[in-house]
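Encoded as structure tokens, the structure appears first; notes follow it.
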Amino acid sequence: MLLSRNGSLVEDFFGQLVGSVPDLTEHLHRTTARILLHVNGYVDRIANSKWEVKELGVEHNGYVDLMLGEFKHYKTRLAHGGIPQEVQNLLLEYGVEIFAETLVEGLSRIKRCTDEGRALMSLDIQVLINGLQHFVPTNVKPKLQIVDTFIKAYYLPETEYVHWARAHPEYTKAQVVGLVTLVATMKGWKRKTRLEVVDKIESAAA
């Protein structure tokens with residue numbers, strides 16, 4: 001009876017262990033990507049780029065070239081690390097996701113911006129997508145959709161932000177508040193309106 005019960009316990013433990021292996025593996029791969037892809041400082045570079053432009057040219061911001069250069073180094077590190085190709089490809093995809101997170105965080109911290117500056121954000125992302133596609137075998141555009149959605153939210157009417165925040169839990173409360181604060185500055189919202197929208201977003205996220 002005791003053996004039978006112990007056997008059952010071992011089976012349960014082994015079943016749970018095997019079941020958790022994929023999650024553990026993914027965690028290790030994502031942690032590896034964060035260690036090997038150096039993104040420190042890029043949030044500030046993005047936030048502090050010149051967004052108060054009066055007309056949109058054909059030139060993207062300098063941080064885009066720096067990020068693409070860093071991703072190239074990242075791909076080289078993976079290629080020389082003795083890592084199986086299929087794992088390399090996975091780590092490249094995780095790297096794109098890290099870039100997407102970095103971009104959203106940087107964009108959420110912009111203090112002042114014109115409509116042309118907002119269009120420049122879209123240009124930057126398009127250039128980045130085209131560049132990253134040279135390094136990643138899978139389509140990178142879906143991974144950067146989170147950035148595109150965030151940029152497009154600049155066009156929402158002021159009455160839509162609370163609903164938009166609820167519909168997009170992928171963004172942090174601080175990121176949404178940063179977005180609303182910037183839009184309020186750009187569009188000349190009344191202070192009372194801005195405070196009410198921010199309060200509702202913070203209350204919903206609490």
_Sidechain-backbone polar pair: Asp124 side chain, His60 backbone, donor-acceptor under 3.5 Å_ = no
*asked:* Between Asn139 (side chain only) and Lys141 (backbone N and O only), is there a donor and an acceptor less than 3.5 Å apart?
replied: yes
*asked:* Set out, in order, the CA-CA distance, both residues' side-chain angles and the distance that settles side chain to side chain contact (heavy atoms under 4.5 Å, CB included) for Lys75 and Leu92, then state yes or no.
replied: CA-CA 7 Å; Lys75 184 178 172 75; Leu92 289 171; 3.8 Å; yes
Working to the nearest 0.5 angstrom, can you tell me the gap between [X] [atom1] and [Y] [atom2]?
X: Asn61; Y: Leu66; atom1: CG; atom2: CG; result: 10.5 Å
X: Ile151; Y: Ile146; atom1: CD1; atom2: CD1; result: 11.5 Å
X: Tyr74; Y: Met67; atom1: OH; atom2: CE; result: 13.0 Å
X: His27; Y: Thr32; atom1: NE2; atom2: OG1; result: 9.0 Å
X: Glu196; Y: Asp199; atom1: CD; atom2: CG; result: 8.5 Å

_Verdict with reasoning, Glu70 to Arg77, per salt bridge (Lys or Arg N to Asp or Glu O under 4.0 Å)_ = CA-CA 11 Å; Glu70 175 51 43; Arg77 289 181 202 113; 3.0 Å; yes
Hey, are the side chains of [X] and [Y] touching, using non-hydrogen atoms and a 4.5 Å cut-off?
X: Lys111; Y: Trp51; value: no
X: Arg30; Y: Leu91; value: no
X: Tyr155; Y: Arg118; value: yes
X: Lys143; Y: Val136; value: no
X: Ile110; Y: Asn48; value: no

If I compare all heavy atoms of [X] with all of [Y], which pair ends up nearest, and what's the gap?
X: Leu56; Y: Ala119; result: CD2-CB, 3.7 Å
X: Met121; Y: Cys113; result: CE-SG, 3.7 Å
X: Gly106; Y: Ile46; result: C-CG2, 3.8 Å
X: Val176; Y: Ala165; result: CG1-CB, 3.8 Å
X: Glu116; Y: Glu55; result: CG-CA, 3.8 Å
X: Leu37; Y: Gly95; result: CD2-O, 3.5 Å

*Using the test side chain to side chain donor-acceptor pair (under 3.5 Å), find all partners of Thr138 that sit at least two apart in sequence or belong to another chain.*
Glu93
*asked:* Restricting to side chain to side chain donor-acceptor pair (under 3.5 Å), what partner residues turn up for Gln133, sequence neighbours left out?
replied: none
_Between Arg194 and Glu158, does any side-chain N to carboxylate O distance fall below 4.0 Å?_
no
*Is Glu105 salt-bridged to Arg109, going by a charged N under 4.0 Å from an acidic O?*
yes
*Is the number of heavy atoms from other residues, nucleotides or ligands within 6.0 Å of NE2 (His168) greater than 12?*
yes
_His163 atom NE2: more than 12 heavy-atom contacts under 6.0 Å_ = no
*Where does the angle between the aromatic ring planes of Tyr171 and Trp164 fall among parallel (under 30°), tilted (30 to 60°) and perpendicular (over 60°)?*
parallel
*Kindly state each residue pair satisfying ring-ring contact (aromatic ring centres under 6.0 Å, His included) with at least one member in residues 80-113, sequence neighbours excluded.*
Phe71-Phe99
_Steps toward side chain to side chain contact (heavy atoms under 4.5 Å, CB included) verdict (Leu179, Gln175)_ = CA-CA 6 Å; Leu179 168 68; Gln175 287 170 347; over 6 Å; no
_side-chain contact (heavy atoms from CB on, under 4.5 Å) partner of Leu107, chosen from Val147, Val43, Leu182_ = Val147
_If we check side-chain contact (heavy atoms from CB on, under 4.5 Å) with Leu128, which of these qualifies: Leu123, Val96, Leu68?_
Leu68
*For Glu101, which residues count as a salt bridge (Lys or Arg N to Asp or Glu O under 4.0 Å) partner, sequence neighbours excluded?*
Arg34
*Have Asp115 and Tyr154 got a donor and an acceptor in their side chains that come within less than 3.5 Å?*
no
_Sequence-distant partners of Trp189, ring-ring contact (aromatic ring centres under 6.0 Å, His included), two or more places apart_ = Tyr161
*Go through Val87 and Leu78 one step at a time and tell me if the side chain to side chain contact (heavy atoms under 4.5 Å, CB included) criterion holds.*
CA-CA 9 Å; Val87 177; Leu78 296 179; over 6 Å; no
_Partner set under side-chain contact (heavy atoms from CB on, under 4.5 Å) for Pro157, not counting sequence neighbours_ = Thr159, Glu160
_Lys152/Ser122 under side chain to side chain contact (heavy atoms under 4.5 Å, CB included): CA gap, chis, key distance, verdict_ = CA-CA 9 Å; Lys152 285 178 178 171; Ser122 293; over 6 Å; no
*Do Val180 and Leu156 share a hydrophobic cluster (ILVMFWY, side-chain heavy atoms under 4.5 Å, transitive)?*
yes
